[in-house]
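What follows is one structure encoded as structure tokens, with my remarks underneath.
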Amino acid sequence: MEAKFNNISNIYSVFEILKDVKVDQTLNFKKSGIEIKDVSTDKTLVFEFIIDGKNLVSYKYDGTVSKIGISTLYICQVLKMIEKDTLMTLKVNSGTTNKIIIQSKNQNCTKETNIEIDTNDSEYSEKKEIQINNVFYISMKNDEFYKTLTHFKNFGNSVVTIICSENVFRLECNSNNIKTKQEYGYDPKSYNECSDGIKIKYLGDEQHVKPVMATYSIDSILKFKKCTKLCPMIEINISENNLLTLQHDVGNIGKLKTIISPTSRGVSKEDNTQRHEINYEDDYDDADFL
């Protein structure tokens with residue numbers, strides 16, 4: 001397998017994010033490109049990073065290596081020392097011991113770097129594609145979304161409640177006798193784009209639009225705050241069972257997607273005074289994500 005990249009900064013940014021989610025991960029090689037799919041160490045979210053081979057400088061896959069285990073810490077250390085304007089080549093050769101070979105060459109070809117990294121034993125087992133039955137799709141500015149959640153955390157909040165209807169997207173928190181709320185409105189009939197760049201679309205039965213509400217860990221969401229460096233917009237999906245999906249474009253080479261399970265569901269019609277806490281193990285398992 002051989003892949004050539006001309007934008008190392010984007011790849012470095014992604015691995016900087018993923019090392020805080022889970023250190024030991026698995027690279028999966030396919031004809032279409034390179035994938036990482038895994039569950040975070042704390043089991044609160046799943047993530048998927050897909051590098052599209054056709055968007056790279058070149059991508060060659062001979063089928064001899066399908067997956068290898070890697071340490072994201074080592075990968076970040078290597079990428080940090082490589083000059084960002086160089087052409088980087090990543091090679092994986094099958095053998096008694098798999099090694100990742102990273103080569104870089106600057107534009108005037110006067111400086112070359114060659115690094116070999118031992119790979120880990122891979123315990124990855126093939127899993128189904130991530131599939132979410134979406135109810136709401138929201139598109140908005142990346143920095144606006146993460147800035148709001150950072151403010152909420154600075155107020156001492158650990159969770160955020162997200163409420164979404166066909167024309168409103170609202171984030172709110174309650175803690176220490178302080179209620180904080182940020183609301184974004186959207187008029188699908190307006191020709192003027194919102195200053196926040198927000199768009200809301202209902203993906204279910206339009207004749208039976210049901211608002212959704214659930215509470216999520218702010219820390220889980222903010223693990224992907226560095227994605228503001230990768231793209232200007234974020235795509236948010238909230239599924240019918242309240243799974244929260246965040247998707248970011250990684251330059252023009254691929255996508256980084258994470259799915260976060262709620263810490264509590266919304267208010268039911270039968271009981272509008274209490275939110276029901278859920279247990280991850282009882283209500284969700286890996287099959288719901290992967």
Side-chain angles (χ1 to χ4, degrees), residues 7 10 13-14 17-18 21 45-52 55 129-153 159-173 180-218 220-262 266 289:
N7 194 335
N10 281 343
S13 296
V14 171
I17 295 167
L18 295 185
V21 179
L45 58 88
V46 296
F47 54 92
E48 176 183 82
F49 177 38
I50 298 178
I51 300 173
D52 194 335
N55 291 334
E129 295 293 322
I130 294 178
Q131 294 182 345
I132 294 295
N133 294 321
N134 296 307
V135 175
F136 282 100
Y137 165 87
I138 303 99
S139 173
M140 65 184 298
K141 291 182 178 178
N142 225 333
D143 55 355
E144 176 68 22
F145 177 68
Y146 287 110
K147 180 177 69 175
T148 298
L149 290 170
T150 300
H151 288 329
F152 286 176
K153 184 176 180 179
V159 295
V160 60
T161 298
I162 296 179
I163 301 99
C164 191
S165 66
E166 58 183 330
N167 54 11
V168 171
F169 179 65
R170 187 163 77 242
L171 308 170
E172 62 179 41
C173 295
T180 51
K181 180 176 69 174
Q182 184 73 50
E183 183 171 294
Y184 304 91
Y186 173 66
D187 182 3
K189 298 180 181 179
S190 174
Y191 292 100
N192 297 321
E193 185 172 335
C194 300
S195 60
D196 300 311
I198 191 166
K199 295 181 180 179
I200 303 172
K201 185 177 180 179
Y202 185 70
L203 302 177
D205 184 352
E206 294 184 357
Q207 295 182 348
H208 301 88
V209 179
K210 295 181 180 179
V212 296
M213 178 172 68
T215 301
Y216 306 90
S217 164
I218 291 179
S220 292
I221 297 175
L222 288 182
K223 287 178 180 178
F224 296 85
K225 182 180 178 181
K226 294 178 182 177
C227 287
T228 53
K229 301 177 182 178
L230 301 175
C231 56
M233 303 296 291
I234 181 174
E235 296 179 7
I236 304 168
N237 290 299
I238 305 177
S239 73
E240 58 191 4
N241 56 351
N242 299 122
L243 293 176
L244 177 69
T245 304
L246 310 177
Q247 181 164 291
H248 310 80
D249 287 330
V250 182
N252 63 347
I253 63 171
K255 294 183 180 296
L256 175 63
K257 180 163 66 174
T258 182
I259 302 176
I260 302 171
S261 57
F289 298 123

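Keep in mind that this is a model prediction, so the values were computed, not measured.
At a threshold of 4.5 Å between non-hydrogen side-chain atoms, the residues Ile138 and Ile198 count as touching. Within the 4.5 Å cutoff, the side chain of Lys223 has no heavy atoms near those of the Phe47 side chain. Side-chain contact between Thr150 and Leu222: present, with at least one pair of heavy atoms (C-beta onward) separated by less than 4.5 Å. Annotation: side chain of Ile260 is not in contact with side chain of Ser217 (no heavy-atom distance under 4.5 Å). Within the 4.5 Å cutoff, side-chain heavy atoms of Met140 are placed close to those of Ile234. Residues Glu166 and Ile200 have side chains not in contact (no heavy-atom distance under 4.5 Å, counting atoms from C-beta outward).
Only one option out of Leu45, Val159, Leu244 pairs with Ile221 in a side chain to side chain contact (heavy atoms under 4.5 Å, CB included); it is Leu244.
The nearest pair of heavy atoms linking Lys210 to Phe136 is O-CE1, 3.3 Å. Between Phe49 and Leu256, the shortest heavy-atom contact is CB-CD1, 3.9 Å. When every heavy atom of Gln182 is checked against every heavy atom of Thr148, the shortest pair comes out as CB-CG2, 3.7 Å. When all heavy atoms of Met213 and Thr161 are compared, the pair lying nearest together is CG-CG2, 3.6 Å. In plain terms, the two heavy atoms of Cys173 and Phe152 that are nearest each other are SG-CD1, 3.3 Å.
Taken from SG in Cys227 to CG in Asp249, the straight-line distance is 10.5 Å, to the nearest 0.5 Å. Atom CD1 in Ile238 sits 9.0 Å away from atom OG1 in Thr245 (nearest 0.5 Å). From Asn142, atom CG reaches atom SG of Cys231 across 4.5 Å, with rounding to the nearest 0.5 Å. Between Glu240 atom CD and Leu203 atom CG the span is 11.5 Å, to the nearest 0.5 Å. Note that the CZ atom of Arg170 and the CD1 atom of Ile162 stand 11.5 Å from one another [nearest 0.5 Å].
Residues meeting the salt bridge (Lys or Arg N to Asp or Glu O under 4.0 Å) test with Lys229, sequence neighbours left out: none. Applying the salt bridge (Lys or Arg N to Asp or Glu O under 4.0 Å) criterion to Lys225, with sequence neighbours excluded, gives no partner residue.
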### Query
What do the steps show when you test Phe169 against Ile236 for side-chain contact (heavy atoms from CB on, under 4.5 Å), and what is the final call?
CA-CA 11 Å; Phe169 179 65; Ile236 304 168; 4.1 Å; yes
### Message
Please determine whether side-chain contact (heavy atoms from CB on, under 4.5 Å) holds for the pair Ile51 and Val250, giving the CA-CA distance in whole Å, both sets of side-chain angles, and the decisive distance to 0.1 Å.
### Response
CA-CA 9 Å; Ile51 300 173; Val250 182; over 6 Å; no
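Although no hydrogens or angles enter the test, the distance criterion places a donor-acceptor pair under 3.5 Å between the side chain of Asn55 and the main chain of Asn252.
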